[in-house]
Amino acid sequence: MLDIRWLRTHRDEAIDRLSRRFTDTSQAQELIDRILTLDEQRRHLQQEVDALRARQNTLSRRLGELRRSGNAQQAEALLTELQQLKTTLREKEKALEAVQADWHNALATIPNCPHESVPPGTDESANQVIETWGSLPEPPVRLPHWEIAQKHGLIHFRWGAKLAGSGFYVLTGWGARLQRALIQFFLDEAVRTGYVEVSPPHLVNADTGFGTGQLPDKDRQMYYIEEDELYLIPTAEVPVTNLFRECILQEEDLPIRMVSYTPCYRREAGSWGQLTRGLNRVHQFDKVEIVHIVHPDESYAELERMCTYVHGLLEKLELPHRRVLLCGGELGFASAKTYDMEVYAVGQDRWLEVSSISNFEAFQARRMNLRVRTGKHYYHPHTLNGSALALARLMAALIENNYTPEGIRLPSVLHPYVGQEILPFEIPLPAWTQN
RNA sequence: GGAGGGGUGGCAGAGUGGACGAAUGCGGUGGACUUGAAAUCCAUUGGUCCGCGAUGAGCGGGCUCGCGGGUUCGAAUCCCGCCCCCUCCGCCA
């Protein structure tokens, strides 16, 4: 949620920054001018209603006094006046209520203003590759992970489809073992770095979905359980950030740095095709997420620190990767600035997004009503989060880049976690796994 | 799922239709006393929206006693629905 008071005095700046998300300024201008108009109306009606209520309060109190002093005649006259006042008040209140609803709805559906360093643009082509690490392997054979994994019993795609439908998969044998090792490795790294580990519910209510900005924006992208009015989390960001919804923190509580492993559930409505084969786009994947809450002056330095941390993980995994600055149109609804970390997957000859690191500034804190107290004053802290890291695609890259006829070679950092230096192919799974 | 009890300010805890934004205690802040501290005394102490004011201090008004609706001139208080917590029963990893 943007700050309405800031919008009142910074209309042009807001339009300028918001325009980075669109093809031209007109869309941003419409959004901003609509909320400013509604805000005018709202404040005007509020004043009228407040005045009527003040009068009602005064007269009601007087009526009580008259009754007590036994002045029945004057009391009757006052009662008639108050009954009329009540009618007009109800009409005004209704009008105010309607405008307030529009006002809230309009404000809640405006995306965050991109930071000034965010390039304008509406699609991938406007993204900027900031930095690339590692050299791209050039193996004699390039195989996509779904072929390798299927043939050698790491992943069973048909089973996934059978159990839940397309876009689901079942890990088997060494595939399942690799995933478990990666989760453990990422959590250990984070805890060693000083993060506090959090393991939250995978189902959340609508207030929680609203707090981080998934609702109402991403309504159709989340799985919804109607009977209990609960959403399956699309990322740990949602429950972990919302731990602080409706909270007042002390300044010494900051910075808060949390890490959380959860599965992520995403409907991915409308996505299909060659680019979504195998593990590239699935309805459920595992992810270790880091969530930070920091002082507003610190948030952009913190964003860089998070990127450095994620880069460190990828380096330990010996994967070629690059950092991409997203353009305005590619930003998520709540984000002011986002870097993606992409890993090169040689079998597909493609860069796969394995981490998305964002600064939401005060956008989420405002939605959640999260504040920090300093003496008599309050401010909204900045929230950030990033994947560290997302597993399905990372496994895809590990499998493709480290494929040998004997098995999948593992980076040394994973050896203790897997108990192997290689995911060997010569130990076959039982025949029934081919069902 | 069933039965019962409960949800009031930072905390504890009164309040069952009007003088209640809310007694009292604790805590916090400022001050007096003191070399300093403790004790004591005095004052002050929630959030939010709107207006005036300089985006400050301050002043005025509205809303806020789990949440939403209703009754009433007037609701913390009465009625209805929902949520959460506790106890017992049932079910269950």
Spacing of the [atom1] atoms in [M] and [N] (rounded, Å):
| N | M | atom1 | result |
| --- | --- | --- | --- |
| B:rG6 | B:rA54 | C1' | 49 Å |
| B:rG17 | B:rU77 | P | 11 Å |
| B:rG9 | B:rG25 | C1' | 14 Å |
| B:rC67 | B:rG7 | C1' | 11 Å |
| B:rU71 | B:rU29 | C1' | 43 Å |
| B:rU8 | B:rA14 | P | 11 Å |
| B:rA38 | B:rG15 | C1' | 36 Å |
| B:rA22 | B:rC65 | P | 13 Å |

Strictly by Watson-Crick or wobble contacts shorter than 3.5 Å, is anything paired with [N], and which nucleotide is it?
| N | value |
| --- | --- |
| B:rG1 | B:rC89 |
| B:rU40 | B:rA32 |
| B:rC20 | none |
| B:rG9 | none |
| B:rC63 | B:rG47 |
| B:rG68 | B:rC80 |
| B:rU55 | none |

*Evaluate the side-chain proximity of A:Glu237 to A:Gln364: yes if any heavy-atom separation is below 4.5 Å, no if none is.*
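Of all side-chain heavy-atom pairs linking A:Glu237 with A:Gln364, at least one is under 4.5 Å.
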*Which comes earlier along RNA chain B counting from the 5' end, the contact point of A:Arg55 or that of A:Arg67, where each point is its nearest nucleotide?*
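Taking each residue's closest nucleotide, the earlier one in sequence belongs to A:Arg55.
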*Relative to the 5' end of RNA chain B, which residue comes earlier, A:Leu82 or A:Ile248, by the nucleotide with the nearest heavy atom?*
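It is A:Ile248, whose closest nucleotide lies nearer the 5' terminus.
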*Using a heavy-atom cut-off of under 4.0 Å over every strand shown, decide if A:Arg371 touches base, sugar-phosphate, or nothing.*
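Sugar-phosphate: the residue A:Arg371, judged by heavy atoms under 4.0 Å, touches backbone atoms but no base.
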*Have a look at A:Glu65 and say if it touches a base, only the backbone sugar-phosphate, or nothing, with a 4.0 Å heavy-atom cut-off.*
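Nothing, no nucleic acid heavy atom in range.
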*asked:* The criterion is ring-ring contact (aromatic ring centres under 6.0 Å, His included); which residues satisfy it with A:Tyr339, sequence neighbours excluded?
replied: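 Checked A:Tyr339 against ring-ring contact (aromatic ring centres under 6.0 Å, His included); zero matches.
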*asked:* Would you say the rings of A:Phe333 and A:Phe363 are close, in the sense that their centroids are separated by under 6.0 Å?
replied: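 Yes; A:Phe333 has its ring centre under 6.0 Å from that of A:Phe363.
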_A:His292-A:Tyr195 aromatic ring centre distance below 6.0 Å_ =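 Ring-ring flag for A:His292/A:Tyr195: true, centres closer than 6.0 Å.
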_Nucleotides bounding contact with chain A, strand RNA chain B, heavy-atom threshold 4.0 Å_ =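 That gives a stretch of B:rG18 to B:rG74.
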*Determine the interplanar angle of the A:His283 and A:Tyr223 rings, folded into 0 to 90°, and report it as parallel if under 30°, tilted if 30 to 60°, perpendicular if over 60°.*
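A:His283 vs A:Tyr223 ring planes: perpendicular.
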*Parallel, tilted or perpendicular: which describes the rings of A:Tyr403 and A:Phe425, with under 30° parallel and over 60° perpendicular?*
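If you compare the ring of A:Tyr403 with that of A:Phe425, the planes turn out tilted.
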*asked:* Applying the side chain to side chain contact (heavy atoms under 4.5 Å, CB included) criterion to A:Pro111, which one of A:Asp217, A:Leu31, A:Leu2 satisfies it?
replied: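 Running side chain to side chain contact (heavy atoms under 4.5 Å, CB included) over A:Asp217, A:Leu31, A:Leu2 with A:Pro111 returns exactly one hit, A:Leu31.
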_Distance (rounded to the nearest 0.5 Å) between A:Ile233 CD1 and A:Glu289 CD_ =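 Taking CD1 in A:Ile233 and CD in A:Glu289, the distance rounds to 9.5 Å.
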